[in-house]
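Below is one structure, written out as structure tokens; the observations come after it.
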Amino acid sequence: MNKSLAPIILLGPPGAGKGTQARVLEERHGLVQLSTGDLLRAAVKQGSALGREARTYMDAGKLVPDDLIIRIIADWMQKPEAQKGFILDGFPRTQAQAKALDAMLEKKNLKLRGVIEMKVNDPALIERVCGRFTCSKCGEGYHDKFKPPKKPGVCDKCGNTQFVRRPDDNAETMKTRLEAYYAQTAPIIPYYEKRGILYHVDGMAGVEEVTKQVEEVLKRI
Ligand code: ADP
Ligand code: ADP
Ligand code: ZN
């Protein structure tokens, strides 16, 4: 099997840097980022039935029910993008999702290439999430302290001057999101460890150093 087609999972708590690294890998390796958070936010914006249902959970910082997420992923897998190698960012987040993913991949004759765990401590996660914002036009991610636009108020990538912050990126909701991560998501780590496909990078390092470590893992797998 062509290994560049085998999906990679970026696993880590909210604010760990999954989206940041996934976008670097997209640019460098022609992989496709599959972010369940982005898919859900698009559904919320559209105002679809799915978006309306998901919104109450997202605003509260709770996980959206498995059946809803699994349906979204199954739909996405039918798209042409899914024929390229993809990076899963924010999925799976529960045991049930991990099992459903295995079943979906088996049907497509695909095997997971590896799961890359990004560890970051809680104070750093809170600081990252509370300072996060994105360009409203191109979606480039920024941070008040760690990655401000080079020219204040202007997107480095597209020159746009409008930025957005997520309503759930606040200290209070972050508490619930972290609890959900440790209670529901962290328990899937041993599931991948037992299969010998779990790898680690130091998520506390700077963006470029993390990318370097991710690239080193990708060379090995
Ligand atoms: P996730 O997708 O895991 O929730 P993001 O990639 O959106 O996390 O990163 C959260 C915030 O932290 C963003 O504002 C981003 O610019 C910043 N960030 C990402 N990686 C790092 C890093 N290694 N060091 C410092 N800040 C980072
Ligand atoms: P982050 O990594 O910064 O927490 P995401 O964008 O991945 O943010 O997720 C935002 C919200 O969307 C989550 O708090 C949750 O409500 C919902 N969500 C995203 N992915 C999943 C998933 N795989 N399972 C359940 N809920 C999800
Ligand atoms: Zn932009």
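Atoms within each ligand, like the ligands themselves, are counted from 1 in listed order. Side chains are part of it too, since the values below use all heavy atoms of this structure and drop only hydrogens, waters and symmetry mates. It should be emphasised that the depicted structure is a prediction, and the values quoted were computed from it without experimental measurement.
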Under 3.5 Å: N/O of G15 near N/O of ligand 1: yes
Test item: side-chain donor near acceptor, D168 and T173, under 3.5 Å: no
Main-chain N/O of P149 paired to D156 side chain as donor or acceptor, under 3.5 Å: no
Salt bridge (charged side-chain N to carboxylate O under 4.0 Å, His left out) between E26 and K84, intermediate numbers included: CA-CA 11 Å; E26 266 197 332; K84 287 198 193 175; over 6 Å; no
Heteroatom distance test (P14, ligand 2): nitrogen or oxygen, under 3.5 angstrom: no
Residue Q97 vicinity, atoms of ligand 2 by number, heavy atom under 4.0 Å: 22 (C), 23 (N), 24 (N), 25 (C)
Protein heavy-atom partner closest to atom 24 (N) of ligand 1 - residue, atom, separation in Å: R128 NH2, 3.3 Å
D102 side chain to Y191 side chain, donor-acceptor N/O pair below 3.5 angstrom: yes
Test: R165 and D169 ion pair at under 4.0 Å: no
Option set R93, R55, K62, criterion heavy-atom distance to atom 5 (P) of ligand 2, minimum: R93
Y142 and F133 aromatic ring geometry - parallel, tilted or perpendicular at 30°/60° bounds: parallel
Nearest protein heavy atom with distance in Å, relative to atom 9 (O) of ligand 1: T20 OG1, 3.7 Å
Best match, A205, A22, S35, G17: closest heavy atom to atom 23 (N) of ligand 1: A205
Residue pair T211 / Q21, side-chain donor-acceptor N/O under 3.5 Å: yes
Residue portion contacting ligand 1 (non-hydrogen atoms closer than 4.0 Å) for F133: neither
Geometry at the Zn ion (ligand 3) - C135 SG versus C155 SG angle, rounded to 10 degrees: 110°
Closest to atom 2 (O) of ligand 2 (judged by heavy-atom distance), picking from R166, K18, M58: K18
Atoms in ligand 2 with a heavy atom of T36 nearer than 4.0 Å: 19 (C), 20 (N), 21 (C), 23 (N)
Six-ring centre of Y57, K62 cation under 6.0 angstrom, axis tolerance 45°: no
R132-ligand 2 polar pair, N/O distance under 3.5 Å: yes
Interfacing atoms of ligand 2 (cut-off 4.0 Å, heavy-atom, R41): 6 (O), 10 (C)
